[in-house]
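The next block holds one structure in the form of structure tokens; read it before the comments.
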Amino acid sequence: MKFFIDTAIVDAIRAAHRLGVVAGVTTNPSLMAKAGQDPKKVIQEIASFVDGPISAEVLAEDADGMVREGREWAKVAPQVTVKVPLTAEGLAATRVLADEGIKVNVTLIFNASQALLAARAGAAFVSPFIGRLDDIGANGSELVRTIATIFKEHHIATEIIAASIRRPLDITEAALAGAHIATVPYKVLLAALEHPLTKAGIERFAEDWRQVTQKTK
Ligand code: G3P
């Protein structure tokens with residue numbers, strides 16, 4: 001499973017990218033609103049240092065409008081992936097964009113049939129929302145597992161992005177469930193790499209080293 005970073009805050013993407021683990025970026029209109037910058041400029045700036053797929057979402061509700069916006073996004077940088085919501089219009093737009101060679105990430109997936117439909121419409125990625133399912137008492141990682149099983153059984157190359165990740169355990173569960181990618185907010189990425197025993201271990205090594213080097217000076 002690879003890591004994408006789920007934010008439109010360029011400084012956070014730069015910091016995560018520095019860690020050497022970021023294979024791509026996902027944004028959405030809410031994340032763009034949080035960043036408070038011109039969305040096109042944000043995507044351009046991200047594309048200046050991230051080589052992997054960068055998702056930028058369309059806002060139109062009809063397929064023609066989505067296709068128009070998707071084509072515009074695709075012009076911003078070659079690594080842009082157009083994010084389209086899973087609706088009937090979204091599926092139709094996905095087919096048109098995919099046939100033009102534009103990669104599509106179908107988002108707001110909450111059941112397995114939605115994921116299968118998106119894949120058959122030509123989506124390069126599907127994004128099931130783990131946290132929002134858990135919020136309503138459903139099981140987000142179970143959905144990822146079901147989609148992964150179906151895609152494997154039917155030799156579907158569409159990649160599963162586990163989205164709406166809220167805590168480090170979601171990352172582990174997404175990996176176990178067969179997600180190809182987890183898209184993770186920066187603060188969850190930091191929480192996932194921290195452990196009190198790692199910190200305590202470093203402190204003890206430093207102290208033991210200090211003692212032995214003082215004794216043998
Ligand atoms: O990738 C989708 C994600 O940004 C949604 O997360 O926490 O708003 O459900 P959340």
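The residues of the chain are indexed from 1 along the displayed sequence. Note that ligands are numbered from 1 as they come in the structure, with each ligand's atoms numbered from 1 the same way. These numbers come from the heavy atoms of this one structure, side chains and all, not from hydrogens, waters or symmetry mates.
Taking distance alone, with nitrogen or oxygen atoms compared against 3.5 Å, Lys83 stays at or beyond that limit from ligand 1. For Thr183, no nitrogen or oxygen atom sits less than 3.5 Å from a nitrogen or oxygen atom of ligand 1, counting backbone and side chain alike.
Shortest contact from atom 8 (O) of ligand 1 to any protein heavy atom: Arg132 NH2, 2.8 Å. The single protein non-hydrogen atom nearest to atom 3 (C) of ligand 1 is Asp6 OD2, 3.1 Å, given as residue, atom name and distance. In terms of protein heavy-atom proximity, atom 6 (O) of ligand 1 is closest to Ser164 CA, 3.4 Å. In terms of protein heavy-atom proximity, atom 2 (C) of ligand 1 is nearest to Phe129 CZ, 3.4 Å.
Surrounding CZ of Arg210 are more than 12 heavy atoms belonging to other residues, nucleotides or ligands, all under 6.0 Å away.
Taking all atoms of both residues into account, the shortest heavy-atom contact from Ala115 to Ile147 is CB-CD1, 3.6 Å. Closest approach of Leu189 and Val184 over heavy atoms only: N-CG1, 3.5 Å.
Contact annotation: for Asn28 versus ligand 1, heavy atoms closer than 4.0 Å belong to the side chain alone.
For ligand 1, the atoms sitting less than 4.0 Å from at least one non-hydrogen atom of Ala163 are 1 (O), 2 (C), numbered in the order shown with element in parentheses. Under a 4.0 Å criterion applied to the non-hydrogen atoms of Arg166, ligand 1 contributes the atoms 7 (O), 9 (O), 10 (P).
By the 4.0 Å N-to-carboxylate-O rule, Glu173 lies too far from Arg145 to be salt-bridged with it. With salt bridges taken as basic N to acidic carboxylate O contacts below 4.0 Å, none links Glu100 and Arg95. Taking the charged nitrogens against the carboxylate oxygens, Asp135 and Arg132 have no contact shorter than 4.0 Å, which rules out a salt bridge. A salt bridge links Glu159 and Lys2; the closest N-O separation between the charged side-chain nitrogens and carboxylate oxygens is under 4.0 Å.
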